[in-house]
Amino acid sequence: MSIFIKDVLLRDKRRTNIFIDGNIIKSVGSIIKDADTIIDGTSMLALSPFYNMHTHAAMTLFRGYAEDLPLMEWLQSYIWPKEAKLTEEDVYNGARLACLEMIKSGTVFFMDMYWHLAGTYRAVEEMGLRANLSSVLIDNFDKKNAEDTKKRCKEEVFEFSDKNERISIALGPHAIYTVSTELLQWAGDFAKEKNLLYHIHLSETEFEVNECIKKHRCRPFEYMDKLGILSPETYAAHSNWLSEKEIALIADSNAKAIANPVSNMKLVSGRTCPIIALENAGATVLLGTDGCSSNNNLDMMEEMKIAAILQKHFSGKNTNMPAEHILHVTTKFPPSAMGINAGQIAPGKLADIILLNLNIPEARPLHDPVSNIVYSMNGSSVDTMICNGEILMQNRKVPKEEEIIRKAEESAFKIIQT
């Protein structure tokens, strides 16, 4: 399949043409007269899509449920008991709803950690996005649970690795307060053996840090380093409560810190990821929404704006986290970190492109397209989504939208009412 996008604006205000052949951008600027699909881009801006680097996709089912509660009460009394009732079909329905929301708000890739990996895998495969899906590990310090978890994890990795070029698998030990030292290390060894990423929640709250100090006489990232599992393959969600030593450890190990500012503010984590300090130390910082039960949406344009403004606010410097930079954090840095040949509209890159509608009030006047993208536009500004050379949405229409929403609501109400 070939696609020709004609007379489209780029973020540097150049007007051009983009030709896609198969799943590759073949040319930028050439005039092509023959293509399977021709898209008029005169009222559009072409952009590399967003990467959501930490979420729990099927938690769309809990959007708006158990609101305004302390983190551990929310988890232990409301979320975890309901999650125990989830089936693979429920997760499939919730993940499809998440994929629909991400397509409609310009996200082409998400890094996920959730139960019933098979359900999320089915959803991503069907909806056409890219994803990295974690096999979840939690043993709650119980040896039998640990052995059962290892068995399931091995089965999931064996079944789902290398099945689809758009979907990769990771190991997802939940957190240091739900996973034993032995299982954390086992997951590290298994990840190295299978060349997988290691996706974990780390240093989210002050309570977590203090408990780690009491139990292990060191802070969470120091603990991970002592265990030998702080590496370039470590993707640490939240990374809020960091000491100067931990910031240096993250940079030196080339581990990835993933900021989730909206979720952290809503759950009152007490701090947000110190993006500027981490980057000044040489660390890679990425951005994610967290799950819909604590955000409550998957809109990476909203997440960008809030992340940038928070860094300005806490540093007291208006020049910190400029719009161009936070846009790179969500579009350019993640594919580079993940080894995906994307993140730029250029010949030879994978054909992942979104078209933003410029005929909307929040897009005008167009003094600076990048500023408008970050500070004034939002997910509903996305008109068209192309992933891997396939049009997933055009004119804001996605196939089966009504069915996807209906099925997710059926699963959500069933779980909450039982």
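Residues: numbered from 1 along the sequence shown. Owing to the predicted nature of the structure, the values given are computational and were not obtained by experimental measurement.
Listed by first and then second residue, the side chain to side chain donor-acceptor pair (under 3.5 Å) pairs that reach into residues 107-119 are Glu83-Tyr114, sequence neighbours excluded. Sequence neighbours left out, the pairs with a member in residues 193-212 that pass salt bridge (Lys or Arg N to Asp or Glu O under 4.0 Å) are Glu211-Lys214.
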Could you tabulate the donor-acceptor pairs under 3.5 Å formed by side-chain atoms of residues 24-35, not counting sequence neighbours?
none

Would you mind writing out the side-chain donor-acceptor pairs for residues 404-418 within the sub-3.5 Å range, not counting sequence neighbours?
unit_1: Arg406; atom_1: NH1; unit_2: Glu410; atom_2: OE2; d: 3.3
unit_1: Ser411; atom_1: OG; unit_2: Asp90; atom_2: OD1; d: 2.9
unit_1: Ser411; atom_1: OG; unit_2: Asn93; atom_2: ND2; d: 3.0
unit_1: Lys414; atom_1: NZ; unit_2: Asp90; atom_2: OD1; d: 2.8
unit_1: Lys414; atom_1: NZ; unit_2: Asp90; atom_2: OD2; d: 2.9
unit_1: Thr418; atom_1: OG1; unit_2: Lys414; atom_2: O; d: 3.1
unit_1: Thr418; atom_1: OG1; unit_2: Ile415; atom_2: O; d: 3.1

Which donor-acceptor pairs under 3.5 Å do side chains of residues 267-278 form with protein atoms, sequence neighbours excluded?
unit_1: Ser269; atom_1: OG; unit_2: Asn264; atom_2: ND2; d: 3.4

Point to revise | Stepwise side-chain contact (heavy atoms from CB on, under 4.5 Å) test for Lys226 and His216 | key: CA-CA 10 Å; Lys226 286 182 179 180; His216 304 291; over 6 Å; no
Check your understanding: Arg130 and Leu350: side-chain contact (heavy atoms from CB on, under 4.5 Å), yes or no, with the steps?
Key -> CA-CA 12 Å; Arg130 303 185 188 279; Leu350 287 168; 3.6 Å; yes
Exercise for review: Under the side-chain contact (heavy atoms from CB on, under 4.5 Å) rule, what do Ile3 and Ile353 come out as? Steps first, then yes or no, please.
Suggested key: CA-CA 11 Å; Ile3 302 169; Ile353 297 173; over 6 Å; no
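With sequence neighbours excluded, the residues forming a ring pair (Phe, Tyr, Trp, His ring centres under 6.0 Å) with Phe190 are Trp186, listed by chain and number. Judged as a ring pair (Phe, Tyr, Trp, His ring centres under 6.0 Å), and not counting sequence neighbours, the contacts of Phe160 are Tyr121. Take Tyr65 and apply the ring pair (Phe, Tyr, Trp, His ring centres under 6.0 Å) test, not counting sequence neighbours, and it matches no residue. In this structure Glu156 satisfies the salt bridge (Lys or Arg N to Asp or Glu O under 4.0 Å) test together with Arg152, sequence neighbours excluded. By the side chain to side chain donor-acceptor pair (under 3.5 Å) test, Ser168 is found to be paired with Asn132, residues two or more places apart in sequence or in another chain being considered. Residues forming a ring pair (Phe, Tyr, Trp, His ring centres under 6.0 Å) with Tyr92 (at least two apart in sequence, or on another chain): none. Listed by chain and residue number, Lys150 satisfy the side chain to side chain donor-acceptor pair (under 3.5 Å) test with Glu147 (two or more places apart in sequence, or in another chain).
Stacking of Lys215 on the aromatic ring of Phe141 is recorded, both the 6.0 Å distance cut-off and the 45° axial limit being met.
Under 3.5 Å, the side chains of Ser48 and Thr331 contain no donor-acceptor pair of N or O atoms. A donor and an acceptor atom, one from each side chain of Thr149 and Asp139, are nowhere located under 3.5 Å apart. For the residue pair Asn23/Asn388, the side-chain donor-acceptor check at 3.5 Å is satisfied.
Look at Glu233 and Lys192 and you find no salt bridge, because none of the NZ, NE, NH1 or NH2 atoms lies under 4.0 Å from a carboxylate O.
Of the possible donor and acceptor atoms, none in the side chain of Thr289 sits under 3.5 Å from a partner among the backbone N and O of Asp299.
Once rounded to the nearest 0.5 Å, the distance linking CG of Asn341 with CG of Asp352 reads 9.5 Å.
A parallel orientation is assigned to the rings of His201 and His199, their planes being inclined by less than 30° (bins at 30° and 60°).
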